K.L.:
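Sending over a structure as structure tokens; questions will come in a sec.
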Amino acid sequence: MDDRRIENADFSETGYSYTLSLIAGKYKPIILYCLMEYEPVRFNEMQRYLGRVADKTLSRNLKELERDELIVRTVYPQIPPKVEYSLTERGHSLVAVLDRLCDWGMENRR
């Protein structure tokens, strides 16, 4: 008999829950996918790639991904200022997960 019972389960303690907490949302997976395909990417390029996204929303998502050590923000001291985003080593470790999501989408697209 299986000792795993839902009465004793806590979703928040799963690896799945942790992963989703880092990449959940409307834009984070797309930002990560964009960086996976085109890094490094500048803010305006990312905004064009995402389509209709407010500066504040994109900035907040980028800061959260940076806080979670999935992306790195590189500032170049020049005029005008140049800022680029790219994946960290930790962010690159998500590539296999993102690739599998992409594969599933291509296989199951109707």
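All values reported here derive from a predicted model rather than from experimental measurement. FYI, the numbering just counts along the sequence from 1.
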K.L.:
Can you name the side-chain hydrogen bond (donor to acceptor under 3.5 Å, both in side chains) partners of E45, sequence neighbours left out?
P.N.:
none
K.L.:
Give every residue pair that meets the side-chain hydrogen bond (donor to acceptor under 3.5 Å, both in side chains) criterion with at least one member in residues 20-33, sequence neighbours excluded.
P.N.:
K28-E64
K.L.:
Rounded to the nearest 0.5 Å, how far does CG of L62 lie from OG1 of T57?
P.N.:
10.5 Å
K.L.:
Going by atom type alone, with no hydrogens or angles, which donor-acceptor pairs under 3.5 Å involve a side-chain atom of residues 72-90 and a protein atom two or more places apart or on another chain?
P.N.:
{"from": "R73", "atom 1": "NE", "to": "Y85", "atom 2": "OH", "distance (Å)": "3.3"}
{"from": "Y76", "atom 1": "OH", "to": "E84", "atom 2": "OE1", "distance (Å)": "3.0"}
{"from": "T88", "atom 1": "OG1", "to": "E69", "atom 2": "O", "distance (Å)": "2.6"}
{"from": "T88", "atom 1": "OG1", "to": "L70", "atom 2": "O", "distance (Å)": "3.3"}
{"from": "T88", "atom 1": "OG1", "to": "R90", "atom 2": "N", "distance (Å)": "3.3"}
{"from": "T88", "atom 1": "OG1", "to": "G91", "atom 2": "N", "distance (Å)": "3.0"}
{"from": "R90", "atom 1": "NH1", "to": "D68", "atom 2": "O", "distance (Å)": "2.5"}
{"from": "R90", "atom 1": "NH2", "to": "Y18", "atom 2": "OH", "distance (Å)": "2.5"}

K.L.:
Got a second to check how far L58's CG is from I30's CD1, nearest 0.5 Å?
P.N.:
11.0 Å
K.L.:
When the side chains of residues 94-108 are checked against the rest of the protein, which donor-acceptor pairs come out under 3.5 Å, sequence neighbours left out?
P.N.:
{"from": "N108", "atom 1": "ND2", "to": "W104", "atom 2": "O", "distance (Å)": "2.9"}

K.L.:
So does Y16 have more than 12 non-hydrogen atoms from other groups sitting under 6.0 Å from OH?
P.N.:
no
K.L.:
Hydrophobic cluster membership, with links at side-chain heavy-atom distances under 4.5 Å among I/L/V/M/F/W/Y: are M36 and Y38 in one?
P.N.:
yes
K.L.:
Which atoms form the tightest heavy-atom contact between S12 and S17, and what is the distance?
P.N.:
CA-OG, 3.5 Å
K.L.:
Sorted by first residue and then second, give each salt bridge (charged side-chain N to carboxylate O under 4.0 Å, His left out) pair with at least one member in residues 33-43; sequence neighbours left out.
P.N.:
none
K.L.:
Only pairs under 3.5 Å count here: list side-chain donor-acceptor contacts from residues 47-55, not counting sequence neighbours, and write none if there are none.
P.N.:
{"from": "Q47", "atom 1": "NE2", "to": "V53", "atom 2": "O", "distance (Å)": "3.2"}
{"from": "Q47", "atom 1": "NE2", "to": "D55", "atom 2": "OD1", "distance (Å)": "2.4"}

